Amino acid sequence: MGKLRDPDCNPLQARAETVLTDYAARAQAASGPRGRKPRRRLSGRNIMIYGTLFVVSVYYLLPLWVMVVTSLKGMPEIRLGNIFAPPVEITFEPWVKAWAEACTGLNCDGLSRGFWNSVRITVPSALVSIFIASVNGYALANWRFRGGEAFFTILIFGAFIPYQVMLYPMVILLREAGLYGSLTGLIVVHTVFGMPIVTLLFRNYFTSLPEELFKAARVDGAGFWGIYFRVMLPMSLPIFTVAMIIQITGIWNDFLFGTVFTRPNLYPMTVQLNNIVNSVQGVKEYNVNMAATLLTGLVPLAIYFASGKLFVRGIAAGAVKG
Amino acid sequence: MQPSIAIRDLTLAFGAVEVLHDLNLEVGQGEFLVLLGSSGCGKSTLLNCIAGLLDITDGQIFIQGKNVTWEEPSRRGIGMVFQSYALYPQMTVEGNLSFGLKNAGLPRAEIAARVARAARILQIEPLLKRKPAALSGGQRQRVAIGRALVRDVDVFLFDEPLSNLDAKLRADLRVEIKQLHQQLENTMIYVTHDQVEAMTLADRIAIMKGGSIMQLGSPKEIYNRPANRYVAEFIGSPTMNMIEGNLDMQITPSFSAEGMSVPLQTYAFGSDAASGPAVFGIRPEHVEAGEGAEAMPVRLDAAVDLVEPLGSDTLVRARAGDRNLWARMPGQPDLRPRQPLRLGFDPARAHLFRLSDDTRL
Ligand SMILES: Nc1ncnc2c1ncn2[C@@H]1O[C@H](COP(=O)(O)OP(=O)(O)OP(=O)(O)O)[C@@H](O)[C@H]1O
Ligand SMILES: [Mg+2]
């Protein structure tokens with residue numbers, strides 16, 4: 001028997017042993033670190049990060065929540081005072097009223113009038129200002145013309161002059177041009193005031209494109225507009241998206257120019273909203289006010305959601321570089 | 001025969017900075033001219049002036065006998081290839097090739113024919129429907145050359161077309177460009193700072209420095225008779241060995257420096273050679289080391305300092321007195337640092353420059 005245990009004399013057992021040690025070695029190797037490093041979900045760091053994020057989001061979302069639930073309640077329910085409670089009985093009455101019946105001054109056709117005014121102001125203002133500014137930026141970046149640098153400096157300087165300083169001269173200018181109080185006048189104002197920042201945006205973007213591309217297009221016989229439309233525009237979707245967002249939200253949210261340069265029947269949505277919310281007659285209809293405010297904010301919100309990704313790409317592509 | 005390109009008294013300044021001064025240059029029909037120079041010497045600027053992409057400050061430019069000084073780039077009869085390829089990223093290869101022709105208002109059939117021809121010559125037919133982003137560097141550069149090719153012009157301008165490519169591809173495309181030139185026989189101006197490209201491609205090389213042309217000549221002339229010290233040191237790798245000393249033209253011409261004296265009866269002097277401080281230059285490939293040195297008219301004792309084996313041959317830095325001399329030895333000699341080494345050279349292959357103004361003697 002003792003003989004049998006001697007590994008030298010028992011080839012079978014010897015083999016079994018080597019197999020065993022092999023297996024052990026492999027088991028040991030397999031138990032060591034290998035592949036992707038595991039992440040602990042519940043580390044202190046993660047709790048800090050997600051906790052902070054959670055608190056901040058609640059802080060930002062709470063007012064929105066209050067607005068949404070209030071706009072869906074009837075006045076009796078609001079008077080009970082639980083502003084955070086969800087509506088017991090959902091009613092869309094306030095939304096309908098805000099959109100179609102709320103009174104501002106003499107008109108009682110709700111925010112719808114202001115909405116369409118705002119559309120009629122924002123769409124042409126944004127399109128015209130972006131078109132002009134993109135051509136400006138392209139000319140400044142690629143066609144070095146005499147006085148170009150000076151022009152650019154003045155333009156940038158213009159961006160830092162407070163609007164209030166220019167209000168009165170602008171009123172006089174528009175009056176002399178016969179545009180005061182008209183939609184066209186307001187569109188001109190928005191286009192002019194949007195020019196510095198949007199031009200800067202486009203100039204920086206076009207400067208960041210390789211110069212040789214422009215040279216190649218010139219050798220290929222494309223002219224000023226040929227290069228703009230056929231070479232530059234197709235490469236500029238991200239920056240156009242950024243400009244669109246900046247201009248549409250900026251013009252849509254404008255209050256100052258809307259009050260100063262238009263008449264009541266042409267008031268943009270923001271001015272009308274203010275008139276609804278701040279009207280002194282009668283009872284305060286909180287639900288209608290909330291609905292009106294949400295309606296007014298819907299357009300910029302929709303724009304952000306629709307183009308968020310392109311926006312980030314555009315900002316990264318050119319806006320920051322200088 | 002009228003020159004293909006003639007540049008007269010060209011001056012270009014960016015504001016107060018003059019980049020090119022009074023530059024004159026003529027390029028013959030079908031000639032391959034290489035502009036060679038270190039970075040910032042104004043090669044691209046000169047090329048852009050010829051192309052009409054920069055407004056010149058003074059002077060005139062003629063292409064095929066026509067004064068094009070005020071002409072638009074597209075109407076000068078040139079095609080240009082850029083270092084960064086500069087392909088239109090949103091167009092297909094076909095769109096890139098045909099863009100210039102569409103702008104010129106050519107009939108559709110003609111455009112298709114020219115694009116097809118260029119694609120065949122450059123072997124990019126399978127790529128025609130792709131966007132530039134889906135091409136490799138070499139393929140992109142071929143498309144860029146194709147864009148110049150379809151224009152059917154007499155003059156091609158290349159601005160460092162190969163410097164973005166890796167060494168192997170660069171060598172391949174260099175050969176292709178040379179073949180293309182032999183096939184098309186049009187005038188080419190080619191900017192580079194790679195001296196191998198310059199030597200292999202050029203009919204004539206223009207060496208530029210600080211906005212002016214130091215020497216214009218065939219690669220052989222530039223290599224064998226550099227007009228000044230800058231050119232001598234710029235061409236050749238490793239650079240020419242330079243020894244400062246004195247030239248004595250009395251009875252028999254000779255050059256002497258500390259610890260050495262070189263008889264110069266066999267050296268081909270220029271007409272204005274005179275005694276005085278001078279620089280003696282000899283290329284490493286003309287310095288014989290080891291046994292070969294004994295057969296040379298001038299010999300000196302040195303010691304191995306540094307060895308760089310290249311496979312086909314070996315570069316040796318040898319120390320003679322307090323001077324370092326580079327020598328290129330054939331094959332793979334077995335050398336160790338501090339081992340004694342005999343060096344020898346033939347003064348007929350040397351180059352002498354006046355010390356004061358660096359011109360050739
Ligand atoms: N737009 C400009 N404004 C001012 N100076 C310029 C401008 N463009 C070029 N320069 C200057 O002109 C000189 C020549 O430039 P250029 O681009 O022709 O050099 P290069 O020989 O092509 O160099 P590289 O081999 O690096 O391409 C440089 O010193 C450069 O600083
Ligand atoms: Mg250059």
Side-chain angles (χ1 to χ4, degrees), chain A residues 131 134-135 137-153 202 204-244 309-310 313-314 316-318 321, chain B residues 14-15 44-45 47-55 71-92 95-106 111 131-133 140 143-151 153 155-161 164:
Chain A
F131 175 73
S134 65
V135 176
Y138 157 67
L140 284 168
N142 290 314
W143 298 83
R144 309 239 157 79
F145 54 93
R146 195 180 293 271
E149 288 298 311
F151 175 80
F152 185 62
T153 314
F202 276 104
N204 286 356
Y205 181 79
F206 288 131
T207 312
S208 74
L209 297 181
E211 199 191 354
E212 293 191 336
L213 209 58
F214 171 74
K215 290 181 174 173
R218 283 196 67 197
V219 173
D220 269 341
F224 184 91
W225 295 111
I227 298 176
Y228 175 75
F229 282 112
R230 310 272 304 282
V231 179
M232 295 299 176
L233 270 199
M235 297 175 65
S236 311
L237 180 64
I239 204 69
F240 269 91
T241 314
V242 173
M244 275 288 175
K309 212 182 223 163
L310 276 172
R313 240 205 295 161
K321 261 205 220 152
Chain B
F14 291 111
S44 301
T45 307
L47 210 64
N48 282 327
C49 289
I50 298 173
L53 294 167
L54 282 173
D55 280 334
E71 202 67 82
E72 275 294 303
S74 55
R75 307 197 44 202
R76 295 188 173 207
I78 52 136
M80 193 155 173
V81 180
F82 297 91
Q83 176 177 357
S84 65
Y85 324 125
L87 299 180
Y88 312 120
Q90 307 294 337
M91 301 181 196
T92 60
N96 268 281
L97 293 179
S98 57
F99 185 61
L101 305 178
K102 282 185 195 147
N103 287 328
L106 258 62
I111 294 179
K131 293 268 178 73
R140 281 180 211 180
V143 176
I145 294 173
R147 204 165 49 179
L149 205 61
V150 290
R151 295 172 54 76
V153 287
V155 177
F156 274 21
L157 307 175
F158 292 89
D159 192 353
E160 309 201 25
N164 276 1

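First the proteins, then the strands, lettered A, B, ... as listed; each starts at 1. Model, not experiment: these values are computed from the prediction.
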Check: So which heavy atom on V81(B) is nearest to which on A144(B), and how close?
Finding: CG2-O, 3.8 Å
Margin query: How close do L97(B) and V143(B) get, counting heavy atoms only, and between which atoms?
Written below: CD2-O, 3.7 Å
Notebook entry, point to check: What part of L157(B) lies closer than 4.5 angstrom to a heavy atom of chain A: side chain, backbone, both or neither?
Noted result: neither
Acceptor/donor pairs from residues 215-233 of chain A side chains to any protein atom, 3.5 angstrom cut, sequence neighbours excluded:
residue: D220(A); atom: OD2; partner: Y88(B); partner atom: OH; Å: 2.8
residue: Y228(A); atom: OH; partner: S134(A); partner atom: OG; Å: 2.5

Next item on the list: Tell me, out of A51(B), S74(B), G79(B), who's got the most heavy-atom pairs with chain A below 4.5 Å.
Entry: S74(B)
Notebook entry, point to check: N48(B) versus chain A, heavy atoms under 4.5 Å apart: side chain, backbone, both or neither?
Noted result: side chain
Checklist line | Among the listed options M91(B), Q83(B), R76(B), K102(B), the residue most often paired with chain A at heavy-atom distances under 4.5 Å | finding: Q83(B)
Next item on the list: State which residues pass ring pair (Phe, Tyr, Trp, His ring centres under 6.0 Å) with F214(A); sequence neighbours excluded, sorted by chain then number.
Entry: W143(A)
